[in-house]
Amino acid sequence: MCDLSYANLSSMDLSMSDLNDANLSHANLTDTLAHKANFSNSDLSNALFVRSNIKGASFVNTILHNVDFTEARIWKGNFSQAKIDNCNFNDSALGSAIFEDNNLTNSTFKGAILYKTIFKRNVMGIPQ
C-alpha cells in the first residue's frame, strides 16, 4: 500500500498511474491530470480533485468520503461499488461515467454534465 495521505499532488501529471490500494486521504489533487489513472480500492477521503482532468479513471471499490470533484472532468470514470459519502460533483463533467451499486444520497451533482452517465442499482435522494 502506497501512503500518499496529505500529499500535495496539485498540477501534476498522473496519467496512467496505478494507485490501486493507495492511501490518498486528505491529498490535494487540484488541477491534476490523471487520464486513465487507477484509484481502485484506495482511500481518497477528504481529497481535493477540484478542476482536475481525470478522464477514464477507475474509482472501483474506492472510499470517497468528503471528496471535492468541483469542476473536474471525469468523462468515462468508473465509480462502481465505490463507498461514496458527501462528495461534491458540482459543475463536473461526468459524461459516460458509471455509478453502479453506490449510495449517492449525501452527494451533490448541481450543474454537472451527466450525458450518457449510467446509474445502476444506486441509492439516491436529496441531501439534507
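When a residue number appears, it is its place in the shown sequence, counting from 1.
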Just list the side-chain donor-acceptor pairs under 3.5 Å for residues 74-82, sequence neighbours left out, or say none.
from  : atom 1 : to    : atom 2 : distance (Å)
Asn78 : OD1    : Ser80 : N      : 2.9
Asn78 : OD1    : Ser80 : OG     : 2.7

Atom pairs and distances, side-chain donor-acceptor, residues 48-55, under 3.5 Å, sequence neighbours left out:
from  : atom 1 : to    : atom 2 : distance (Å)
Arg51 : NE     : Asp31 : OD1    : 3.0
Arg51 : NH2    : Asp31 : OD2    : 3.1
Ser52 : OG     : Leu29 : O      : 2.4
Ser52 : OG     : Asp31 : N      : 3.4
Ser52 : OG     : Thr32 : N      : 3.2
Ser52 : OG     : Phe49 : O      : 3.3
Asn53 : OD1    : His35 : NE2    : 3.0

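Using a 4.5 Å heavy-atom threshold, the side chains of Ile113 and Leu94 count as separate. Put simply, the side chain of Lys116 reaches to within 4.5 Å of the side chain of Ser96, judged on heavy atoms. Between Asn86 and Val67 the shortest side-chain heavy-atom distance does not fall below 4.5 Å. Counting heavy atoms from C-beta outward, Leu44 and Phe59 have side chains that approach closer than 4.5 Å.
Under the 4.5 Å side-chain contact rule for hydrophobic residues, Ile84 and Leu114 share a cluster. Residues Leu24 and Ile63 fall into different hydrophobic clusters, defined by Ile, Leu, Val, Met, Phe, Trp and Tyr side chains chained together at heavy-atom separations under 4.5 Å. Criterion: ILVMFWY side-chain heavy atoms under 4.5 Å apart, direct or through other members. Under it, Met16 and Leu19 are not part of a common hydrophobic cluster.
Side-chain contact of Asn41 with Asp21: a donor-acceptor pair under 3.5 Å is absent, judged by distance alone. Using modelled atom types and a 3.5 Å distance limit, the side chains of Asn90 and Asn88 yield a donor-acceptor pair. For the residue pair Ser40 / Ser58, a side-chain donor-acceptor distance below 3.5 Å is found, with atom types taken as modelled. Lys83 and Asn61 are linked by a side-chain donor-acceptor pair at a separation below 3.5 angstrom, with hydrogens and angles left out of the test.
Between atom CG of residue Asn122 and atom CG of residue Asn103 there is a gap of 8.5 Å, rounded to the nearest 0.5 Å. One finds the OG1 atom of Thr30 at 13.5 Å from the CE atom of Met12 (value rounded to the nearest 0.5 Å). The distance from atom CG of Asn106 to atom CG of Asp85, rounded to the nearest 0.5 Å, is 5.5 Å. Rounded to the nearest 0.5 angstrom, Asn46 CG and His26 NE2 are separated by 4.0 Å. For the atom pair Arg73 CZ and Ser92 OG, the distance stands at 10.5 Å (nearest 0.5 Å).
When every heavy atom of Ser17 is checked against every heavy atom of Leu14, the shortest pair comes out as OG-O, 2.6 Å. Of all the heavy atoms in Phe89 and Cys87, the pair that sits closest is CE1-CB, 3.6 Å. Taking all atoms of both residues into account, the shortest heavy-atom contact from Ser42 to Thr62 is O-CG2, 3.1 Å.
Counting heavy atoms of neighbouring residues, nucleotides and ligands inside a 6.0 Å radius, atom OH of Tyr6 does not exceed 12 of them.
The aromatic rings of Phe99 and Phe109 stand perpendicular to each other, their planes meeting at an angle above 60°, with 30° marking the opposite boundary.
Among Leu64, Asp91, Thr108, the single residue meeting the side chain to side chain contact (heavy atoms under 4.5 Å, CB included) criterion with Phe69 is Leu64.
Every residue meeting the salt bridge (charged side-chain N to carboxylate O under 4.0 Å, His left out) condition with Asp101, not counting sequence neighbours, appears here in chain and number order: Arg121.
In this structure a side-chain-to-backbone donor-acceptor pair under 3.5 Å is present from Asn8 to Ser10.
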